[in-house]
**Q** 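Let me give you the structure first, and then I'll get to my questions.
For the numbers below, each heavy atom of this structure counts, side chains included, while hydrogens, waters and symmetry mates do not. All of these numbers come straight from a predicted model, not from anything done at the bench.
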Amino acid sequence: MSRDHVEPVERSVSDASAPSGAAAAPGAPDRAEAPFLELLARGAAAEAYERPVLLARAEGRPAERIAALEHAKLLALRVRAELEGRRRREAELSALFETAHDLAGLRDVDAVLQAIVQRARSLLGTDVAYLSLNDPVRGDTYMRVTEGSVAARFQQLRLGMGEGLGGLVAQTARPYVTDDYFRDERFRHTATIDAGVRDEGLVAILGVPLTLGANVIGVLFAADRRARVFEREQIALLGSFAALAAAAIDTANLLTETRSALADLERANEIIRDRSGVIERASDVHDRLAELVLRGGGVHDVAAAVSQVLDGTVEFREAVAAPAGALETSRAEGHAVRHQDDWIAAVAAGGELLGALVLRGHPGLDPVDQRTLERAAMVTSLLLLARRSAAEAEQRVRGELLDDLLDARDRDPRLLRERASRLNADLDATHVVLAARLDAAAADADQEAAARRRLWSAASHLAATRHGLAAARDGGTVLLLPLEPGDTATEVARRAARHLGTAVHEAVTVGASAPVRDLASRPDVVVAAYEEGRRCLDALRLMGRSGDGAAAEDFGFLGLLLAGDRDVAGFVDRTIGQVVAYDERRGTDLVHTLDAYFACGMSPARTKDELHVHVNTVAQRLERVGRLLGDDWQTPARALEIQLALRLHRLASPTPH
């Protein structure tokens, strides 16, 4: 004990034993209690209360005086103990009140549990305090919060039900205390738990259950690293903290459930709002599309209306202009499908693909908007069918006009032009006659008739959009299409084959005539052109090129046999025209050299003898021919065509070289 505690006591004792009148007589009760009152006022330690008695004995005070001091000491110690108990209870109540206040304003359950563990450790004066919670899924209990712990393994412990002191508390729902953990045999020790407790260095442990109703949800612990006896009041205090901790967890669970319920309500409200918006949008789409149908709108009007509803760009495309894979998937599934950043909705009627509605640059599309696009595609197909029904009469008229041209029945150019003008066709323009036919064999007569009707319908639609004519003929279809500037008969035939094949979902082969003109003045030209187109069609099928399109010019010298007008000059020009033109411009003799070269069996050595020139001259001339005709000019097929063209050229120019 320090001297500042002892010296006042000594002075008090001396004063109490003084013989003069400055103090009361020895043994007076008030004088005997004076030093102890001063010790109580100063809050001195319990050991300090022995000093007045010891000093009185050392000074030889009377027995009555010493007895009075002993009595006063006992009373003072009793008062001190009462004051200490009240201070302790006040601190405990204050901590419980603060914890309850924290619980009332609960925001973070982890923070509240941490505060509970900290205050429990502080009030009980233990080295460590910690809290574990039960895991109903795994059937054990695990560390949730620790205070004062230094061992990582201890902080990560999991205790099975009935294992260790904590497992016993969690299983029985009763407090348990041990003065020496490792010597206590009342609970089941395990190597894992004992290793964690040993790492932490714990000896004395008190555990109380955290209960909600009849259920234990965890355990609150206070522990020391030395042997210690926990008093009944300390067990009760820790139990009070455990009750607050259980209330905090329950409150947190209720808050979580409340927040979850509020979130569910919010999501439900959002769904209701969305559904309300969906209904309004669907009603708007229905009203707009119904109005379009009633006032006779077209497919592009539908696309414009849906563009406004979907807040994007929707356009109608012909089947050949839409992505083939996505279009076929949409037609097969009956739904709009995504293609890169676009959405494709097939416009189909029965088995026929009429086109597509394409929503461009809109990769994110909710199911409602997707159904809106699909509904618009359905309305578009209905409009197209209605328009087709109205156009079928026009198509029949177009077919009748083409039939008249093919049969050469009406030879009045003025009447022919008038009939064509009413159909938005121009018989004075350059045209190509196409013969189209399906290649797949039908299973029966009904299916074959249906396939032919689909082909005629698709051909009529193509003719109407291209300002041409179409008619069913000879088991297939014949088309009369204008030739655009820069186009060739071959390109027209191939495009028609692709378009018709896509429309009817079968391979369609198309043969084309050479370009024809003055149809109004010379209707018989159409007949000859149709026969030429049919011969090209038959040639394609014989060569196994079903589903393709070609004109006579694509068959080389065979084209002379297929072409109706036997365009010999055209064949010669296409085959060796560049060589002939080179000779005419430069005054060379490449054509004669080619004649000699082929006549000598394509031998340069014999050719130089035939021409009476050096072999290098022959080589130079043949090199020039190769640059004009292409590197493959000596292949068997090309060589045959070149020799035929040379002979025809020689026949047309009888002047000897």
Side-chain angles (χ1 to χ4, degrees), residues 285 289 292 297-307 309-310 312-388 391 436 438-440 450-451 453-466 477 479 491-510 546-549:
V285 171
L289 295 180
L292 283 173
V299 294
H300 297 292
D301 296 322
V302 173
V306 178
S307 295
V309 174
L310 299 183
T313 301
V314 178
E315 61 183 28
F316 174 78
R317 291 185 186 173
E318 298 289 342
V320 294
L327 186 59
E328 180 58 31
T329 301
S330 176
R331 185 193 67 80
E333 297 179 357
H335 296 292
V337 298
R338 183 173 172 180
H339 176 70
Q340 298 176 0
D341 289 340
D342 301 336
W343 283 83
I344 311 295
V347 177
E352 183 180 357
L353 196 56
L354 305 177
L357 283 186
V358 180
L359 175 59
R360 296 173 52 196
H362 208 307
L365 196 65
D366 61 38
V368 176
D369 289 341
Q370 183 178 343
R371 286 195 294 272
T372 298
L373 184 62
E374 293 164 1
R375 185 178 304 165
M378 184 182 301
V379 172
T380 301
S381 66
L382 293 175
L383 287 176
L384 288 174
L385 286 177
R387 189 175 70 179
R388 175 179 293 181
L438 292 167
D439 289 311
R453 283 195 300 272
R454 290 199 304 272
L455 177 60
W456 174 81
S457 178
S460 298
H461 179 68
L462 176 60
T465 57
R466 291 287 308 276
T477 302
L479 297 97
E491 292 168 348
V492 174
R494 288 177 177 170
R495 281 200 302 270
R498 288 195 301 270
H499 179 94
L500 297 175
T502 302
V504 301
H505 307 297
E506 293 185 36
V508 177
T509 307
V510 177
S546 297
D548 198 359

**Q** Compare all side-chain heavy atoms of His505 with those of Arg454 and state whether any distance is below 4.5 angstrom.
**A** no
**Q** Using modelled atom types only, decide if a donor and an acceptor are shared between the side chain of Ser457 and the backbone of Arg453 within a distance under 3.5 Å.
**A** no
**Q** Over all heavy atoms of both residues, which pair between Ala436 and Leu479 is shortest? Give the atoms and the distance, please.
**A** CB-CD1, 4.3 Å
**Q** Which pair of heavy atoms, one from Glu333 and one from Val337, lies closest together, and at what distance?
**A** OE1-CG1, 3.9 Å
**Q** Show the nearest heavy-atom pair for residues Val314 and Leu373, with the distance to one decimal.
**A** CG1-CD1, 4.3 Å
**Q** Minimum heavy-atom separation for Arg331 and Ala346, please, with both atom names.
**A** N-CB, 3.6 Å
**Q** With sequence neighbours left out, what residues match Glu315 under salt bridge (Lys or Arg N to Asp or Glu O under 4.0 Å)?
**A** Arg317, Arg360
**Q** Sub-3.5 Å donor-acceptor pair from the side chain of Glu374 to the main-chain atoms of Ala336, do we have one?
**A** yes
**Q** Looking at Leu500 and Ala458, what are the two nearest heavy atoms and their distance?
**A** CD2-C, 3.7 Å
**Q** Would you give the length of the straight line joining atom NE2 of His499 to atom CG of Leu462, rounded to the nearest 0.5 angstrom?
**A** 4.5 Å
**Q** List the residues meeting salt bridge (Lys or Arg N to Asp or Glu O under 4.0 Å) with Arg495, not counting sequence neighbours, and say none if there are none.
**A** Asp487
**Q** From Leu353 CG over to Glu318 CD, what is the distance, rounded to the nearest 0.5 angstrom?
**A** 10.0 Å
**Q** Quick one: closest heavy-atom pair of Leu455 and Thr477, and the distance?
**A** CG-OG1, 3.5 Å
**Q** Please check this pair: side chain of Ser330 against backbone of Ala326, looking for a donor-acceptor N/O pair closer than 3.5 Å.
**A** no
